[in-house]
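Here it is, the structure, as structure tokens.
Ligands are counted one by one from 1 in listed order, and the atoms in each one are counted from 1 as well.
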Amino acid sequence: MAEVVIVDSGEAAGRLVADHIAELVHLNPEMVLGVATGSSPLSVYRELARRRSQGVDFGRSQGVDFGRAWAFALDEYVGLPEGHPQSYRAVIDREVTVPLGFDPARVNVPDGGDEGIESTGERYEEALVARGGVDLQLLGIGTTGHIGFNEPGSSFGSLTRVKTLTTQTRADNARFFDSPDEVPIHCVTQGLGTILRARHLVLLAFGEAKAKAVAAAVEGAMTASLPGSAIQLHEHVTVVIDEAAASRLEHADYYRWAQDHKPAWQGI
Ligand code: F6R
């Protein structure tokens, strides 16, 4: 079962997860971080960037240095012109590579260009395997229950491939574009099988709009109709959510109780 941590705010989530990532990269400077785009992981990136620029003390380590670490993005839109500010390559550059100080040569985003699109998934899988897989994968969850862009119906064994976005996801993501029609119809996304290979999954969700998907993913039946429920198969999952996103969880009181009585050595 997933560990569910209910926090007061996005900032508190950012601090909790940033602590853990900073510790990981301190122990292994060449760690592989799985990065998501969208709003949910932003507090983590901002907290890591703040610590990097201010050299803030935390736990056993000092400052945070991603100069030798690797990053793999979950997904990318298909067919946006190169350099489009909403391409996930551009978003990852802006939110992760530059502020966290990754070497751009060590940051991987699936190639959503039309040329060679048939084999882009396979190439991404090979790159992931060659790097030894993801140590910690950050995830958001869509209102459709998607993780990555694995929309309802995605196989639990799926690998990186081209998918069609749902009308709902296109509407949800229209806020990043000038007009809803500009949101691409297709994407390349790591599959559920790819995501499940990461050694630790950290799913972040905030706000009432995510409550239904969070409850279904954490406590509902495991089903391809709710792709986020695939996290129930993983041995090490941490779900970090605010009160609003937790509002439909049946066992919220138990999760709070467990956190209040968590052994100090355990970490996330
Ligand atoms: C992004 C991704 C998506 C988002 C999800 C939630 O790379 O794979 O699964 O995490 O759509 O998006 P936000 O965080 O913007 O609500």
**Request:** Scan residues 99-123 for pairs that pass ring pair (Phe, Tyr, Trp, His ring centres under 6.0 Å), counting only residues two or more places apart or in two chains.
**Result:** Phe66-Phe102
**Prompt:** Just which atoms of ligand 1 are under 4.0 Å from any heavy atom in Ile141?
**Reply:** 5 (C), 6 (C)
**Prompt:** Near Ser39, which atoms of ligand 1 are under 4.0 Å from a heavy atom of that residue?
**Reply:** 13 (P), 14 (O), 15 (O)
**For Leu74, atoms of ligand 1 separated by under 4.0 Å from a heavy atom** = 8 (O)
**Fill in**
Under 4.0 Å from one or more heavy atoms of Gly148, ligand 1 contributes atoms 2 (C), 3 (C), 8 (O), 9 (O)
**Prompt:** Backbone N or O of Arg15 within a donor-acceptor pair of the Glu47 side chain at under 3.5 Å?
**Reply:** no
**Asked** Looking at atom 5 (C) of ligand 1, what's its closest protein heavy atom, distance included?
**Response** His146 NE2, 3.4 Å
**Asked** Do Thr144 and Gln168 have side-chain atoms, one donor and one acceptor, less than 3.5 Å apart?
**Response** no
**Request:** Distance to 0.1 Å, residue and atom name: give those for the protein heavy atom nearest to atom 2 (C) of ligand 1.
**Result:** Asp75 OD2, 3.3 Å
**Item:** Residue pairs passing the salt bridge (Lys or Arg N to Asp or Glu O under 4.0 Å) test where at least one lies in residues 132-148, sequence neighbours excluded
**Value:** Asp135-Arg199
**Prompt:** Does the pair Glu219/Arg248 count as a salt bridge with the N-to-O cut at 4.0 Å?
**Reply:** no
**Request:** Can you pull out the closest protein heavy atom to atom 10 (O) of ligand 1? Residue, atom name and distance to 0.1 Å, please.
**Result:** Gly140 CA, 3.3 Å
**Fill in**
Closest to atom 14 (O) of ligand 1 among protein heavy atoms sits Ser40 OG, 2.5 Å
**Item:** Close side-chain approach of Val96 and Val107, heavy atoms under 4.5 Å
**Value:** no
**Prompt:** Counting only N and O atoms by type, is there a donor-acceptor contact under 3.5 Å from the side chain of Arg170 to the main-chain atoms of Pro184?
**Reply:** yes
**Request:** Return yes when Gln190 approaches ligand 1 closer than 4.0 angstrom through a heavy atom, no otherwise.
**Result:** no
**Request:** Provide the number and element of each atom of ligand 1 under 4.0 Å from a heavy atom of Lys210.
**Result:** 6 (C), 13 (P), 16 (O)
**Request:** Give the numbers and elements of all ligand 1 atoms closer than 4.0 Å to a heavy atom of Thr37.
**Result:** 1 (C), 7 (O), 10 (O)
**Message:** Within ligand 1, which atoms have a heavy atom of Arg175 less than 4.0 Å away?
**Reply:** 15 (O)
**Item:** Any side-chain heavy-atom pair of Val64 and His26 under 4.5 Å
**Value:** no
**N/O separation below 3.5 Å, Asn173 to ligand 1** = no
**Prompt:** Is the backbone N or O of Glu125 less than 3.5 Å from a side-chain atom of Gln190, with the two atoms forming a donor-acceptor pair by type?
**Reply:** no
